[in-house]
Amino acid sequence: MERKWVCRLLGVVFLAAFAVPKGVYAAGESEEALGESVYEADAVIADGVYIDTVEVGGMTAKEASEAVLAHIDEIGKKTLTLTLEGADGIEPIQTSVSELGLHTDEISDVVSEAMALGKDGNLITRYKAEKDLQASHQVFEIGAAVDEEKVKRFVEEKTSGLGADPVDAEITREGGQFSVSESRTGVKVDVPATVSLVLEAFQDWDKGDLSLEAAAELVQPERSTEFLSQIQDSLGSFTASTSDRGGGKLQNLNRGVELTDGTLIMPGETWSMHDALAPFSASNGYTKQVAYQGGTYAQEYGGGICQLATILYNAALLAEVEITERYNHSLVVYYTDFGLDATINDDGSKDLKLTNNFDFPVYIEGSHDGGGEVTYTVWGKETRPSNRTVRFYGKTLSKVPAGEQIIEDPTKPVGYQDVVQSGSYPAVKAEAYKEVLVDNEVVERILLHTDKYSASPRKVIRGTAVPAPAPDLSGGIIYPDSNIPEPTPEPTPETPEPGFSGGIIYPDSNIPEPTPEPAPEATAPAAG
């Protein structure tokens with residue numbers, strides 16, 4: 001009996017040695033191809049067999065393939081969530097795994113292996129497989145992967161909204177107090193590093209939902225709340241007045257203060273006053289007023305605005321901010337020492353530029369009192385010793401009066417006069433000095449620059465035209481094209497007729513002829 005059993009077993013082993021599958025199924029074959037098998041169409045997979053988490057025991061090869069494909073579809077519905085640490089208020093981004101190009105190349109092979117379990121091999125192998133299945137499940141894993149290009153595209157397109165730009169703090173001054181808003185740190189996604197993290201996570205993926213933290217770097221704001229809060233101290237302040245208390249020059253000065261007040265200069269940054277004030281036009285709030293041009297006066301938009309440059313220049317000197325560009329006026333001004341003025345012009349070839357040479361920000365405050373007084377104050381963090389002070393002054397080296405210039409105008413009559421420039425500006429050469437004092441004692445004197453100012457005399461236009469003489473009519477001169485009538489000639493007397501002694505007859509005259517004297521009568525002789 002025992003020998004008979006062994007012989008039968010050997011016979012089965014012999015037959016089984018030739019019972020091999022007709023082939024394996026390559027990736028990409030149709031579902032119908034996946035369902036084909038060397039076994040009978042109704043052959044089923046042994047109980048206790050799983051492909052991934054799908055129990056395929058009792059299924060045909062076709063049924064098992066369809067079940068596994070449906071399982072892959074469900075896996076594709078799983079989500080990948082990318083978060084970003086430090087991105088406050090930014091929602092994580094998500095996508096389905098199928099959108100990342102989920103695929104597997106092993107379904108046909110795995111189904112074939114599952115079908116063969118307990119059917120292929122020799123009798124001993126099949127017997128062992130059956131016993132193993134009775135003891136525990138047999139699980140065949142399916143390798144699943146995502147498409148690298150689709151992962152890269154997803155990270156590049158979607159993480160732009162995951163990051164956050166830094167938010168700078170803003171500083172304002174109201175009611176004599178500074179107020180600083182809250183800054184915010186920005187976050188920037190590192191796309192290549194994030195793509196690598198996603199691909200690596202799918203290598204050991206458990207086919208469930210996946211949450212990853214994107215690779216990113218923090219981006220600090222340029223102006224943080226803490227940094228701007230250092231601005232607390234007045235480093236230098238200067239005030240000057242204008243004689244124009246309500247005219248166009250005051251309008252220009254007030255407009256210039258509006259455009260420069262609240263200027264923030266960061267460490268190492270250079271600021272241009274011209275750029276802050278330009279363009280000098282009616283549309284930018286300026287009016288035409290007298291301005292220096294070519295050593296004389298001219299009417300220009302923004303005329304008088306240079307006084308602001310002088311005021312700010314002196315405030316910057318006191319604050320000891322680096323002054324990288326400055327020009328003096330062509331003619332002297334009288335609202336500061338000679339040598340301590342500054343000017344700008346329309347095209348910016350003359351400008352006042354300040355560079356923040358400190359390691360803290362500086363803030364420029366401009367103000368006007370509504371009349372003619374303007375003040376600039378430079379604020380920052382006071383780091384100078386309390387017993388150290390600075391002062392500035394101008395020293396006049398020479399001063400030559402310009403006098404008066406008479407401009408003759410031959411088109412105007414003698415006696416005509418027009419004052420086109422009432423002021424006389426001397427030719428001046430001056431030096432500007434800085435003195436450093438410690439405990440009120442001068443410890444250093446520095447020559448800043450030497451300036452020259454052109455002379456400009458008082459200018460008066462006088463007429464020189466002499467009127468033509470009145471015409472002489474005594475000679476009966478006829479002036480062509482003249483309205484002067486010719487003189488009437490005296491009448492010529494006629495010649496008297498004979499017999500009239502001295503009696504002149506005037507034609508058409510009413511004068512009577514003279515009556516002759518009567519002859520005297522004769523006298524009788526006397527008696528004797």
Are Tyr425 and Ser454 close enough that a side-chain donor and a side-chain acceptor fall under 3.5 Å? no

Does a salt bridge link Arg326 with Asp451, judged by any charged N lying under 4.0 Å from a carboxylate O? yes

Can I get a per-line list of side-chain donor-acceptor pairs under 3.5 Å for residues 430-438, giving both atom names and the distance, sequence neighbours left out?
unit_1: Glu431; atom_1: OE1; unit_2: Tyr433; atom_2: OH; d: 2.6
unit_1: Lys434; atom_1: NZ; unit_2: Glu320; atom_2: OE2; d: 2.7
unit_1: Glu435; atom_1: OE1; unit_2: Arg391; atom_2: NE; d: 2.7
unit_1: Glu435; atom_1: OE1; unit_2: Arg391; atom_2: NH2; d: 3.0
unit_1: Glu435; atom_1: OE2; unit_2: Tyr393; atom_2: OH; d: 3.3
unit_1: Glu435; atom_1: OE2; unit_2: Arg445; atom_2: NE; d: 2.8
unit_1: Glu435; atom_1: OE2; unit_2: Arg445; atom_2: NH2; d: 2.8

Can you give me the closest heavy-atom contact between Pro166 and Val219, atom names plus distance? CB-O, 3.6 Å

Any sub-3.5 Å donor-acceptor pair from Thr194's side-chain atoms to Ala215's backbone N or O? yes

Where the side chain of Thr377 meets the backbone of Ser237, is there a donor-acceptor pair that is under 3.5 Å apart? no

Using every non-hydrogen atom in the two residues, find where Pro426 and Val332 come nearest and quote the distance to one decimal. CD-CG2, 4.0 Å

Just by distance, with hydrogens left out, do Asp341 and Thr336 show a side-chain donor and acceptor under 3.5 Å apart? no

Minimum heavy-atom distance between Phe154 and Gln94, given as atom pair plus value: CE1-O, 4.4 Å

Lys150/Glu148 ion pair, N-O < 4.0 Å: no

Could you tell me whether the side chains of Trp379 and Gln232 share a donor-acceptor contact shorter than 3.5 Å? no

So does Asn387 have more than 12 non-hydrogen atoms from other groups sitting under 6.0 Å from CG? yes

Using modelled atom types only, decide if a donor and an acceptor are shared between the side chain of Thr225 and the backbone of Ser183 within a distance under 3.5 Å. yes

Please tell me if the side chains of Pro361 and Leu228 come closer than 4.5 Å, counting only heavy atoms from C-beta onward. yes

Donor-acceptor contact below 3.5 Å, side chain Asp337 vs main chain Gly339: no

Are Val68 and Asp52 side-chain neighbours, meaning at least one heavy-atom pair lies under 4.5 Å? no

Do side-chain atoms of Arg462 reach the backbone of Lys412 as a donor and acceptor pair under 3.5 angstrom? no

Does any donor atom in the side chain of Thr375 or Thr239 lie under 3.5 Å from an acceptor atom in the other side chain? yes

Just wondering, do Val198 and Val195 contact through their side chains at under 4.5 Å, heavy atoms? no

To the nearest 0.5 Å, what is the distance between CG on Asp275 and OG1 on Thr260? 13.0 Å

Describe, in one word, how the ring planes of Tyr453 and Phe338 are oriented to each other, choosing from parallel (under 30°), tilted (30 to 60°) and perpendicular (over 60°). tilted

Are Glu149 and Lys152 ion-paired here, with the side-chain N under 4.0 Å from a carboxylate O? no

With a 3.5 Å distance limit and no angle check, can you tell me whether Asn357 reaches the backbone of Glu322 through a side-chain donor-acceptor pair? yes

Do Asn314 and Thr310 meet the criterion of a side-chain donor-acceptor pair at a distance under 3.5 Å? no

Near Glu200 CD, under 6.0 Å, is it more than 12 heavy atoms from other residues, nucleotides or ligands? no

Here the ring pair (Phe, Tyr, Trp, His ring centres under 6.0 Å) pairs for residues 350-372, sequence neighbours left out, are Phe178-Tyr363, Phe358-Phe360

Between Arg255 and Glu258, does any NZ, NE, NH1 or NH2 come within less than 4.0 Å of an OD or OE carboxylate oxygen? yes

Report yes or no: does Ser181 contribute a side-chain atom to a donor-acceptor pair with the main-chain N or O of Glu170 at less than 3.5 Å? yes

Would you say Ser224's side chain and Gln220's backbone share a donor-acceptor pair under 3.5 angstrom? no

If we ignore hydrogens and angles and just use 3.5 Å, is the side chain of Asp439 paired with the main-chain N or O of Glu441 as donor and acceptor? no

Do Phe280 and Tyr286 pass the ring pair (Phe, Tyr, Trp, His ring centres under 6.0 Å) test, and can you show the C-alpha distance, the side-chain angles, and the key distance before you say yes or no? CA-CA 6 Å; Phe280 299 99; Tyr286 294 109; 5.3 Å; yes

We want to know whether Lys249 and Gln307 form a side-chain donor-acceptor pair, criterion being a heavy-atom distance below 3.5 angstrom. yes

Judged by modelled atom types alone, do Arg458 and Gln421 share a side-chain donor-acceptor pair under 3.5 Å? no

